[in-house]
Amino acid sequence: MCIEGILRPDFEAFAKGKNSVSLNDCAYAGPSFLPTLPGILMRFCRWRIGMTAGTRKAFLQISVTPRDRDVHRFQWKRDEVWDMRFRRLPFGNKCSPFRLNATIKHHLQQFPDSLAISELNATCNMHVDDLLTEADDENAACALIREINHHSMDSA
């Protein structure tokens, strides 16, 4: 199958089927590791420099196990109807933020403890696939950015 152009479909796991039940109605979201937005804003007021960074294609880097792919079945309609299944974690599922955060924490365990690893591992610093952190001065901010970039290049 060849799909021309770049597509970014929106998969709505909250959409109800014929039985009036959605995938999100049946899924367990897992515990929330997300900091509150007021908490994030208050933290940025405490430090001189606020920093954010995003994880590139975060959800698409996580595989869905073969036994769970039938739950992520959808139909693609073009000239004909195709039954398809996700092989990667869709970002519309209510459990996806938990699975992403748990996966990030799992992979951070392979690195020795450092300021960057501590910042990435702190629950209050991650909002889904974004790092939200701060520093007292430019030197500290630059050092943290260099270390995070070094780790991300090592694992690429």
Nearest 0.5 Å, please: how far is [atom2] in [Y] from [atom1] in [X]?
X	Y	atom1	atom2	result
N121	F111	CG	CZ	11.5 Å
R88	S63	CZ	OG	3.5 Å
E119	L131	CD	CG	7.0 Å
M126	T55	CE	OG1	4.5 Å
L23	F14	CG	CZ	12.0 Å
L100	N93	CG	CG	12.5 Å

Hydrophobic clusters here meaning ILVMFWY residues chained together by side-chain heavy-atom distances under 4.5 Å, can you tell me if [X] and [Y] are in one?
X	Y	value
L132	W47	no
L108	L115	yes
W82	F86	yes

All side chain to side chain donor-acceptor pair (under 3.5 Å) counterparts of R73, not counting sequence neighbours:
D70

Who are the side chain to side chain donor-acceptor pair (under 3.5 Å) partners of N101, not counting sequence neighbours?
none

Around R69, counting heavy atoms of other residues, nucleotides and ligands shown, do more than 12 lie under 6.0 Å from its CZ?
yes

Using the test ring pair (Phe, Tyr, Trp, His ring centres under 6.0 Å), find all partners of F59 that sit at least two apart in sequence or belong to another chain.
none

Looking at every heavy atom in both [X] and [Y], which two are closest together, and how far apart are they?
X	Y	result
V64	P90	CG2-CD, 4.4 Å
D130	G54	OD1-CA, 3.3 Å
H127	P35	CD2-O, 3.8 Å
G92	A13	O-CB, 3.6 Å
F98	G30	CG-CA, 4.1 Å

Qualifying salt bridge (Lys or Arg N to Asp or Glu O under 4.0 Å) pairs, either residue in residues 94-116, two or more places apart
none

Within residues 20-38 or reaching into it, pairs that qualify as salt bridge (Lys or Arg N to Asp or Glu O under 4.0 Å) - sequence neighbours excluded:
K16-D25

Check side chain to side chain contact (heavy atoms under 4.5 Å, CB included) between S20 and all other residues, then give those that pass, not counting sequence neighbours.
none

Backbone of L89 reached by a side-chain donor or acceptor of Q61 within 3.5 Å
no

For side chain to side chain contact (heavy atoms under 4.5 Å, CB included), just list the numbers for L144 and M51, CA-CA rounded to whole Å, side-chain angles, deciding distance to a tenth of an Å, and then say yes or no.
CA-CA 10 Å; L144 180 59; M51 297 179 288; 3.6 Å; yes

Flag the pair L120 / I104 as yes when at least one side-chain heavy-atom distance between them is below 4.5 Å, and no otherwise.
no

Does a side-chain heavy-atom distance below 4.5 Å link I117 with P112?
no

